[in-house]
*Asks:* 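Dropping the structure in here first, questions after.
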Amino acid sequence: MPATTKRQRLNRDRIVEGALLLADDVGMDAFTIRRLASALGVGPMTIYHYFPNKEAIIDAMVDAVYAQIALPPTDEEWTDAIRLRCVSAREVLNRHPWAPPYMESRTSPGPATLRHHDAVLDCLRRGGLSLQMTAHAYAILDSFLHGFALEEASLPASGDEETQEVAEEMTAALDAERYPSLFEFATEHVMQPGYSFSASFEFGLDLIIDGLSAASERAA
């Protein structure tokens, strides 16, 4: 197939889409422009026609991730709106487990990134939070969000049943007398039907939002 035909089929959006799929599959440590070009069926120089370097591609990938996160609705209470945004963000980050370390590290944010940050700040300010409280809220919410997403991505099992199986294997080699609290937690909680590590996300999120709301009211 002539290169011109390939180039006509290729564009920035297709490259970013392919980059997201590749990063989701192999992670960022193994992500290279050569590997991306191979996945897209083009030569590496074709990628450079659209992006000057790998960092520019990562900027676009992060912006695409932000575009997938629901913005906080403007017609709901700020607590409900920010909760919806955080739940959406966790779902998106679970689909892109490589993304959390890159979400706040880019120095050339794209339009979706800027729109997202502006919408979150607007939500917090509309809720009556002062600028200082808004800064605290955004930092705490996203530290929890990104940290939880990273921990979920690093778990040795992805499903609740798999988690219980891993816990059983670990507990089998655990000295119950030497580590009684750990043994109790594993056998009486983690290995019980219905256990879900993921359930702690919304529990923790509600604690944070409730705390921020109370702190904002006390400061008013």
Side-chain angles (χ1 to χ4, degrees), residues 10-40 42-72 74 78 81-82 84-127 129-154 201 205 208 212:
L10 201 65
N11 55 43
R12 287 177 60 91
D13 290 342
R14 185 185 165 209
I15 292 173
V16 173
E17 180 182 357
L20 290 176
L21 291 173
L22 179 61
D24 294 345
D25 184 39
V26 305
M28 289 304 289
D29 288 343
F31 182 96
T32 64
I33 290 182
R34 183 175 297 277
R35 197 163 184 174
L36 174 59
S38 177
L40 292 171
V42 300
M45 293 308 298
T46 305
I47 304 293
Y48 287 116
H49 176 75
Y50 297 92
F51 292 94
N53 50 48
K54 180 180 175 179
E55 290 303 307
I57 296 176
I58 296 176
D59 286 340
M61 293 166 64
V62 169
D63 202 52
V65 172
Y66 268 111
Q68 296 175 20
I69 301 174
L71 300 178
T74 58
W78 78 266
I82 208 68
L84 184 150
R85 172 263 177 183
C86 289
V87 169
S88 173
R90 174 184 166 239
E91 293 173 352
V92 171
L93 294 180
N94 281 346
R95 294 199 299 267
H96 307 294
W98 55 269
Y102 295 90
M103 298 297 282
E104 303 298 334
S105 66
R106 312 314 297 167
T107 58
S108 299
T113 303
L114 296 173
R115 181 170 61 252
H116 182 92
H117 286 313
D118 188 74
V120 172
L121 291 170
D122 178 68
C123 177
L124 297 172
R125 293 290 283 151
R126 281 189 293 103
L129 278 66
S130 67
L131 286 173
Q132 183 179 30
M133 187 64 69
T134 294
H136 290 324
Y138 211 163
I140 293 168
L141 285 165
D142 276 14
S143 293
F144 172 70
L145 170 64
H146 295 163
F148 201 95
L150 281 171
E151 188 164 359
E152 281 189 297
S154 67
F201 176 77
L205 179 61
I208 293 172
L212 289 170

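On a predicted model such as this, the values are computed, not experimentally measured, just so you know.
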*Asks:* Looking only at heavy atoms, which two atoms of Phe51 and Val16 are closest? And how far apart?
*Replies:*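 Smallest heavy-atom distance, with atoms named: CZ-CG2, 3.8 Å.
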*Asks:* Which distance, rounded to the nearest 0.5 Å, do you find between the CZ of Arg35 and the CG of Leu22?
*Replies:*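 Separation between the atoms: 6.0 Å.
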*Asks:* How about Val65 and Leu20: do any of their side-chain heavy atoms sit closer than 4.5 Å?
*Replies:*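 Side-chain contact under 4.5 Å: yes.
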*Asks:* Mind checking salt bridge (charged side-chain N to carboxylate O under 4.0 Å, His left out) for Asp25 and listing every partner two or more places apart, or none if nothing turns up?
*Replies:*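 Counting only residues at least two positions away or on another chain, Asp25 forms no salt bridge (charged side-chain N to carboxylate O under 4.0 Å, His left out).
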*Asks:* If you look at every heavy atom in Lys54 and Phe31, which pair is closest and at what distance?
*Replies:*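 Nearest heavy atoms, Lys54 then Phe31: NZ-O, 2.8 Å.
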*Asks:* For a quick test of reading the model, state the closest non-hydrogen atom pair linking Gly18 to Leu36 and the distance between them.
*Replies:*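 Looking at all heavy atoms of both residues, the closest pair is C-CD1, 3.7 Å.
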*Asks:* Side chains of Thr113 and His116: closer than 4.5 Å at any heavy-atom pair?
*Replies:*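 No, too far: nothing below the 4.5 Å cut-off.
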*Asks:* Asp63 and Ala112: which non-hydrogen atoms are nearest, and at how many Å?
*Replies:*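 Smallest interatomic distance, heavy atoms only, reads OD1-N, 3.1 Å.
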*Asks:* Checking the side chain of Tyr102 only, and the main-chain atoms of Met61 only, is there a donor and an acceptor separated by less than 3.5 Å?
*Replies:*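 No.
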*Asks:* What is the distance from atom OG of Ser108 to atom CD1 of Ile58, rounded to the nearest 0.5 Å?
*Replies:*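 The distance works out to 12.0 Å.
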*Asks:* Determine, step by step, whether Leu141 and Leu212 satisfy the side-chain contact (heavy atoms from CB on, under 4.5 Å) criterion, reporting the C-alpha distance in whole Å, the side-chain angles of both residues, the deciding distance to 0.1 Å, and the verdict.
*Replies:* CA-CA 10 Å; Leu141 285 165; Leu212 289 170; 4.1 Å; yes
*Asks:* Quick one: pull up CG in Leu124 and CD1 in Ile82 and give me the separation to the nearest 0.5 Å.
*Replies:*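 Between atom CG of Leu124 and atom CD1 of Ile82 there are 4.5 Å.
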*Asks:* What heavy-atom pair brings Pro72 and Ala119 nearest, and what distance separates the two atoms?
*Replies:*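 The answer is CG-O, 3.6 Å.
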*Asks:* In residues 129-138, what donor-acceptor pairs under 3.5 Å come from side-chain atoms, sequence neighbours left out?
*Replies:*
unit_1	atom_1	unit_2	atom_2	d
Ser130	OG	Met133	N	3.0
Thr134	OG1	Ser130	O	2.8
Tyr138	OH	His117	ND1	2.6

*Asks:* Excluding sequence neighbours, so at least two apart, what forms salt bridge (charged side-chain N to carboxylate O under 4.0 Å, His left out) with Asp142?
*Replies:*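 Salt bridge (charged side-chain N to carboxylate O under 4.0 Å, His left out) check on Asp142 returns Arg85.
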*Asks:* Any pair with a residue in residues 130-140 that passes salt bridge (charged side-chain N to carboxylate O under 4.0 Å, His left out), sequence neighbours left out, goes on the list, sorted by first then second residue, please.
*Replies:*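 Non-adjacent pairs meeting salt bridge (charged side-chain N to carboxylate O under 4.0 Å, His left out): zero.
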*Asks:* Any side-chain to backbone donor/acceptor pair from Arg12 onto Tyr50? Under 3.5 Å, distance only.
*Replies:*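 Confirmed, Arg12 side chain pairs with Tyr50 backbone.
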*Asks:* Enumerate donor-acceptor pairs with a distance under 3.5 Å from any side-chain N or O in residues 91-101 to protein atoms, sequence neighbours excluded.
*Replies:*
unit_1	atom_1	unit_2	atom_2	d
Arg95	NH2	Gln68	OE1	3.2
His96	ND1	Asp24	OD1	2.9
His96	ND1	Asp24	OD2	3.0
His96	NE2	Gln68	OE1	2.9
His96	NE2	Gln68	NE2	3.4
Trp98	NE1	Asp24	OD1	2.7

*Asks:* Do the side chain of Tyr66 and the main chain of Met103 share a donor and acceptor less than 3.5 angstrom apart?
*Replies:*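 Yes: the side chain of Tyr66 pairs with the backbone of Met103.
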*Asks:* Would you please name every residue forming a salt bridge (charged side-chain N to carboxylate O under 4.0 Å, His left out) with Asp59, sequence neighbours left out?
*Replies:*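 Expected list: Arg106.
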*Asks:* CG of Leu205 to CG of Leu145: how many Å apart, nearest 0.5 Å?
*Replies:*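 If I round to the nearest 0.5 Å, the distance is 8.5 Å.
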*Asks:* Could you measure the distance from the CG atom of Asp122 to the CH2 atom of Trp78? Nearest 0.5 Å is fine.
*Replies:*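 Answer for the CG-CH2 pair, Asp122 versus Trp78, is 13.5 Å.
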*Asks:* Within this structure, what is the CD1-CG distance for the pair Ile47 and Leu40, rounded to the nearest 0.5 Å?
*Replies:*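 So the gap between those two atoms works out to 5.0 Å.
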*Asks:* Where is the tightest heavy-atom contact between Leu84 and Leu71, given as atom of each residue plus distance?
*Replies:*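 So the two residues come closest at CD2-O, 4.3 Å.
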